[in-house]
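The structure presented is a predicted model; accordingly, all values stated were derived computationally and were not measured. Side chains included, hydrogens not; waters and symmetry mates left out as well; all remaining heavy atoms used.
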Amino acid sequence: VRTKRELFLNMNEVKRRLEKSEKHKIVIHTPHIVILKSGKAETTLSRDGRMLIKRVSNEAEATEVAHQILRIIL
C-alpha cells in the first residue's frame with residue numbers, strides 16, 4: 001500500500017500511538033520500520049508510509065487494514 005501523499009513518519013511516535021491501540025500488537029520496532037499484527041493481518045510499516053500487508057485474502061481487506069492503521073498514526 002502506498003499513500004496518495006508522501007509521508008515522513010517519526011517511528012517512535014508511531015510506536016507510541018500503536019501501543020495505545022487494542023487492535024494492533026507491535027512485533028518489531030526499529031527507527032525505520034514497525035511490524036505489527038492486526039487480527040490475522042501482519043503489516044510492515046516503513047518510515048515513508050509504505051505498507052506491506054500480509055495474511056489478507058484480497059485488496060479490499062488490505063486497504064481496510066491500512067486505513068485503520070493510518071487513522072491511528074496520523
Side-chain angles (χ1 to χ4, degrees):
V1 175
R2 286 186 174 260
T3 57
K4 289 183 181 182
R5 64 183 178 152
E6 208 170 313
L7 297 176
F8 296 101
L9 302 171
N10 176 328
M11 299 313 271
N12 289 324
E13 180 66 18
V14 167
K15 178 184 177 217
R16 187 185 67 75
R17 289 180 184 211
L18 287 169
E19 285 175 334
K20 292 180 179 179
S21 170
E22 295 178 10
K23 292 184 177 184
H24 308 284
K25 180 181 181 225
I26 295 174
V27 179
I28 295 173
H29 168 261
T30 74
H32 303 284
I33 65 165
V34 171
I35 299 176
L36 59 125
K37 290 194 175 202
S38 312
K40 66 176 184 165
E42 181 178 288
T43 304
T44 302
L45 174 62
S46 298
R47 193 167 48 175
D48 64 1
R50 290 177 297 149
M51 290 183 230
L52 175 63
I53 302 173
K54 299 188 268 185
R55 297 189 178 100
V56 292
S57 56
N58 57 47
E59 187 176 341
E61 193 176 341
T63 301
E64 180 56 32
V65 170
H67 285 165
Q68 288 175 7
I69 293 169
L70 288 171
R71 279 192 292 271
I72 293 169
I73 65 173
L74 296 180

Do Val1 and Thr63 touch side chain to side chain, with heavy atoms closer than 4.5 Å?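 They are not in contact (no side-chain heavy atoms under 4.5 Å apart), so the answer is no.
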
Can I get a per-line list of side-chain donor-acceptor pairs under 3.5 Å for residues 34-45, giving both atom names and the distance, sequence neighbours left out?
from	atom 1	to	atom 2	distance (Å)
Ser38	OG	His24	ND1	2.6
Glu42	OE1	Arg55	NH1	3.0
Glu42	OE2	Lys54	NZ	3.4

Taking all heavy atoms of Ala62 and all of Ile53, pick out the closest pair and write down the distance.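 The answer is O-CD1, 3.2 Å.
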
State, to 0.1 Å, how close His32 and Met11 come at their nearest heavy-atom pair, and which atoms those are.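 Taking every non-hydrogen atom into account, O-CE, 4.0 Å.
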
Which residues pass the side chain to side chain contact (heavy atoms under 4.5 Å, CB included) test with [X], sequence neighbours left out?
| X | answer |
| --- | --- |
| Lys15 | Glu19, Ile26, His29 |
| Arg17 | Glu13, Ile72 |
| Ser57 | Glu61 |

Go through the structure and list residues passing salt bridge (charged side-chain N to carboxylate O under 4.0 Å, His left out) with Arg5, not counting sequence neighbours.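 Residues passing salt bridge (charged side-chain N to carboxylate O under 4.0 Å, His left out) with Arg5: none at all.
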
Measure the CG-CD1 distance between Leu52 and Ile33 for me, rounded to the nearest 0.5 Å.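 Between Leu52 CG and Ile33 CD1, I get 10.0 Å after rounding to 0.5 Å.
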
Rounded to the nearest 0.5 Å, what separation is found between the CZ atom of Arg47 and the CG atom of Asn10?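 Rounded to the nearest 0.5 Å, the CZ-CG separation comes out at 9.5 Å.
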
Excluding sequence neighbours, so at least two apart, what forms side chain to side chain donor-acceptor pair (under 3.5 Å) with Asp48?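 Scan of Asp48 (side chain to side chain donor-acceptor pair (under 3.5 Å), adjacent residues dropped) gives Arg50.
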
Sort out for me which residue in Thr3, Leu9, Val14 forms a side chain to side chain contact (heavy atoms under 4.5 Å, CB included) with Leu74.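 Filter result, single survivor: Leu9.
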
